[in-house]
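In this text the structure is predicted, and so the values were computed from the model without any measurement. By convention in this document, chain letters (A, B, ...) are assigned in the order of the sequence lines, proteins followed by strands, and residues within each chain are numbered from 1.
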Amino acid sequence: MTDVIQKPEAPLNFIRAIIEADLKAGKHGGKIVTRFPPEPNGYLHIGHAKSICLNFGVARDYNGQCNLRFDDTNPAKEEVEYVESIEEDARWLGADWGRNRFFASDYFEQLYGFAVRLIELGKAYVDDQSAEQIRENRGTLTAPGKDSPWRGRSAQENLDLFQRMRAGEFEEGSRVLRAKIDMASANVVMRDPTLYRIKKAHHHRTGDAWCIYPMYDFAHCLSDAIEKITHSICTLEFENNRELYDWVLDTLGFDPRPRQYEFARLNLTRTVLSKRKLIQLVSEGCVSGWDDPRMPTISGMRRRGYPPEAIRDFCERIGVARSENTVDVALLEHCVREELNRHSARRMAVLKPLQLVIENYPEDQVEEFELQNNPEDERAGTRKAPFSKVLWIERDDFRQDPPPKYFRLAPGREVRLRGAYYVTCTGFDTDAAGEVSVVRCSYDPATKGGWSQDGRKIKGTIHWVSAAHAVKAEVRLYDFLFGIENPGAEKDFKVHINPDSLEVLAGCKLEPELARAKPGERFQFERLGYFAADSRDCRPGALVFNRTATLRDTWAKIEKKG
RNA sequence: UGGGGUGUGGCCAAGCGGUAAGGCGACGGGUUUUGGUCCCGUUAUCCGAGGGUUCGAAUCCUUCCACCCCAGCCA
């Protein structure tokens with residue numbers, strides 16, 4: 001048979017459609033080159049992940065190349081800490097740029113040369129106006145701007161001035177290099193945009209070699225051209241800049257040249273993704289840092305326990321289009337659960353412990369039960385868990401007065417202790433405050449392993465940990481950082497921070513196997529959710545787990561409905 | 001009031017003149033030693049609105065409406 005199995009492809013979005021059409025038309029010599037161009041002034045977040053998956057995904061699927069290029073043209077805002085975190089996060093996500101890691105600052109000398117060329121062509125001039133004057137003369141959205149009085153300088157004079165700008169002869173803000181285009185353009189971007197400004201700042205890579213720095217619109221298109229990028233993919237807010245992108249490259253005579261395509265950026269419910277707001281959350285201490293597990297940053301999600309595969313799957317499922325969108329964070333959680341369900345080992349952990357005493361179980365007896373690590377994956381094998389007379393169970397799994405449809409433990413009720421025995425509640429003790437302190441039960445020795453020959457149906461199965469063998473841990477329960485759908489649209493988004501977004505549980509009881517958990521390791525705590533050993537704070541003897549996501553909880557839904 | 005864009009179910013999103021894919025969510029049901037997973041079913045007579053062309057339109061034309069982006073020496 002000729003059934004050639006096609007490799008599963010990412011869905012065909014409009015960008016891929018353009019690329020396929022270009023390839024079919026024989027453009028680019030058949031080689032697609034894209035780039036992911038972050039500015040190193042913040043940490044990568046889920047929105048960047050969308051761009052990374054798009055750019056690197058396209059390169060991978062069409063046998064092309066995707067460069068990592070730092071857009072570092074503004075020394076005032078950029079730091080090495082950010083370039084390091086960006087590389088780490090992008091790599092963790094699965095981006096592979098090989099040796100193609102570049103910096104716009106690598107091109108400063110070439111960029112300067114292109115600026116000189118523009119001046120020689122009579123297409124750029126040094127403007128002595130102040131920033132305020134330039135703003136005033138730019139006009140408005142409906143009124144044209146006015147030409148600068150310096151617009152008519154000779155190429156000779158411009159060349160001299162520009163060279164002296166570079167030499168550091170002028171103060172910051174005293175002069176800029178501008179493109180000479182059209183002060184009456186309906187597109188404000190085209191009203192003689194600034195190409196270079198003077199900034200006597202230390203650059204994280206070039207040090208003090210430069211005191212003039214190119215603007216984004218000048219540096220970006222040229223960096224693309226220098227790297228022979230074929231498809232320069234960016235977000236919608238740069239749409240108006242495309243005309244300038246084309247102008248610079250065409251004026252300088254690049255042919256063939258890269259083309260810019262814009263797609264809609266990602267918005268997610270219950271979170272903010274603007275760099276400004278994320279920086280604010282960090283700097284004002286609303287969260288513990290860029291990698292706080294509640295942050296939508298790559299490092300935050302990693303620490304929370306999100307697998308990179310899940311994030312990639314999410315980026316593929318949300319699609320790539322040009323319409324404004326706000327994706328329901330439930331889809332992200334779905335992707336995380338789906339991945340974790342298939343690949344994380346099951347463990348038993350009691351988060352809010354309540355003592356269960358099996359009155360008819362021998363005092364000093366200890367049994368070991370062999371439990372499956374993952375019912376979804378036979379190859380995951382098994383582990384042993386000790387069982388004894390005194391156990392910890394979840395407080396939620398016992399009710400003095402069980403509501404309808406509650407099929408966990410309650411006086412007189414029989415439940416299954418997962419993988420162990422059936423037990424029947426015989427009573428309970430309360431403390432001085434009237435709180436249940438101990439639940440008593442008897443077990444049926446004929447139900448070893450958690451099933452009975454008589455085929456008796458047990459509706460409830462609960463998890464447990466042997467009290468004598470339990471290891472202690474701190475567990476951090478995370479919830480959405482914001483309590484509302486679209487915090488970014490609020491005047492003050494910070495007042496909508498969910499006060500219950502973090503609950504720290506100190507006295508959790510885990511099955512002993514978990515004592516060996518490595519930082520970052522992911523588990524499913526049965527019946528509760530997915531948890532990851534904290535990469536910063538989890539140590540042998542001082543275990544700390546972060547809740548990645550809860551399991552879907554049908555009972556909570558039923559109970560809520562009443 | 002200028003220019004550039006976008007409008008398909010609660011949220012994403014296919015569709016490109018032949019009579020509305022898919023995913024998430026929600027709601028029912030089945031299986032189940034996780035109230036998890038898995039499985040099955042339901043969820044747009046309609047594509048921002050009106051008019052037109054056509055045997056036939058979400059797809060073409062036209063008018064209108066709504067929303068987003070642009071007036072940094074930020075990216």
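- Spacing of C1' atoms, B:C65 relative to B:G50, comes out at 10 Å, to the nearest Å.
- A:P149 places a side-chain heavy atom less than 4.5 Å from the side chain of A:Q129.
- Remark: B:U53 base-pairs with no nucleotide; criterion is Watson-Crick or G-U wobble with both hydrogen-bond distances under 3.5 Å.
- With RNA chain B read from its 5' end, the first of the two nearest nucleotides for A:K50 and A:V188 is the one closest to A:K50.
- Contact between the side-chain N/O atoms of A:R276 and the OP1/OP2 oxygens of B:C74 is not found at any separation under 4.0 Å.
- With both pairing distances under 3.5 Å, B:G41 is matched to B:C27 as a Watson-Crick or G-U wobble pair.
- Side-chain nitrogen and oxygen atoms of A:K459 include none within less than 4.0 Å of the OP1 or OP2 phosphate oxygen of B:U32.
- In this structure, the CG atom of A:N341 is 18 Å from the P atom of B:U32, given to the nearest Å.
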Item checked: Verdict with supporting geometry, A:D217 and A:Y245, side-chain contact (heavy atoms from CB on, under 4.5 Å) -> CA-CA 7 Å; A:D217 284 308; A:Y245 184 104; over 6 Å; no

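- Rounded to whole Å, the distance from CD on A:E262 to P on B:G5 is 9 Å.
- The cationic group of A:R456 does not satisfy the cation-pi geometry with A:Y422, failing either the under 6.0 Å distance to the six-membered ring centre or the 45° limit from the ring axis.
- Nucleotide B:A14 has no partner under the Watson-Crick or G-U criteria, as no pair reaches both atom distances under 3.5 Å.
- In terms of polar N and O atoms assigned as donor or acceptor, the side chain of A:E338 never comes within less than 3.5 Å of the base of B:U37 in a complementary pairing.
- Phosphate proximity of B:U34 to A:H463: absent, as no side-chain N or O sits under 4.0 Å from OP1 or OP2.
- Stacking annotation: A:Y216 is not stacked on the base of B:A75 (requires ring centroids less than 5.5 angstrom apart and an interplanar angle below 30 degrees).
- For A:N240, taking side-chain heavy atoms from C-beta onward, the closest of the listed nucleotides B:G4, B:A75, B:C12 is B:G4.
- Contacts of A:P375 with the nucleic acid, taken as non-hydrogen atoms under 4.0 Å apart, include base atoms.
- Regarding A:R346, its CZ atom lies at a distance of 11 Å from the P atom of B:U34, rounded to whole Å.
- Two residues are said to be in side-chain contact when any heavy atoms from C-beta on lie closer than 4.5 Å; A:D377 and A:H343 fail this criterion.
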Notebook entry, point to check: A:R242 and A:E262: salt bridge (Lys or Arg N to Asp or Glu O under 4.0 Å), yes or no, with the steps?
Noted result: CA-CA 9 Å; A:R242 188 174 64 230; A:E262 311 87 16; 2.7 Å; yes

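- A close approach under 4.0 Å does occur between a side-chain nitrogen or oxygen of A:R527 and OP1 or OP2 of B:G35.
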Checklist line | Full working for ring pair (Phe, Tyr, Trp, His ring centres under 6.0 Å) between A:H204 and A:Y82 | finding: CA-CA 11 Å; A:H204 70 102; A:Y82 296 128; 9.8 Å; no

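- Contact between the side-chain N/O atoms of A:S185 and the OP1/OP2 oxygens of B:G3 is not found at any separation under 4.0 Å.
- As the counterpart of B:G2, B:C70 is assigned, both hydrogen-bonding distances of the Watson-Crick or G-U wobble pattern falling under 3.5 Å.
- Applying the 90° criterion around 0 to the glycosidic angle, B:G28 comes out anti.
- Note on A:T140: a base of the nucleic acid sits closer than 4.0 angstrom, heavy atoms only.
- For A:R322 and B:C16, the CZ to P distance is 19 Å, given to the nearest whole Å.
- A close approach under 4.0 Å does occur between a side-chain nitrogen or oxygen of A:R197 and OP1 or OP2 of B:C74.
- Not a single donor-acceptor pair, N or O on each side, falls under 3.5 Å between the base of B:G4 and the side chain of A:R242.
- Nucleic acid contact class of A:V327 (heavy atoms, under 4.0 Å, all strands): sugar-phosphate only.
- In this structure, A:R205 forms a cation-pi arrangement with A:F103, its terminal cationic atom sitting closer than 6.0 Å to the ring centre and no more than 45° off the ring axis.
- Distances shown here put every side-chain N or O of A:T461 at or beyond 4.0 Å from the OP1 or OP2 atom of B:U32.
- Atom P of nucleotide B:G72 and atom CD of A:E172 are separated by 19 Å, given to the nearest angstrom.
- Using a 4.5 Å heavy-atom threshold, the side chains of A:F545 and A:C508 count as separate.
- Closest to the side chain of A:A321, from the set B:A13, B:C70, B:C24, is B:A13.
- OP1 or OP2 of B:C74 has not a single side-chain nitrogen or oxygen of A:T73 nearer than 4.0 Å.
- Within 4.0 Å (heavy atoms only), A:L417 reaches no atom of the nucleic acid at all.
- Between A:I212 atom CD1 and B:C73 atom P the separation is 16 Å, expressed in whole Å.
- Among the protein residues, A:E324 comes within range of the sugar-phosphate backbone only, with heavy atoms under 4.0 Å from sugar or phosphate atoms but none that close to a base.
- Across the protein-nucleic acid pair, A:L332 atom CG and B:G23 atom C1' stand 14 Å apart, rounded to whole Å.
- What separates CD of A:E485 from C1' of B:C12 is a distance of 13 Å, to the nearest Å.
- Close to B:C74, at under 4.0 Å from its OP1 or OP2, lies no side-chain N or O of A:K275.
- A 3.5 Å limit on both hydrogen-bonding distances identifies B:C65 as the Watson-Crick or G-U partner of B:G7.
- Distances shown here put a side-chain N or O of A:R552 below 4.0 Å from the OP1 or OP2 atom of B:U37.
- Residue contacts shown for A:R342 are absent, as no nucleic acid heavy atom lies under 4.0 Å away.
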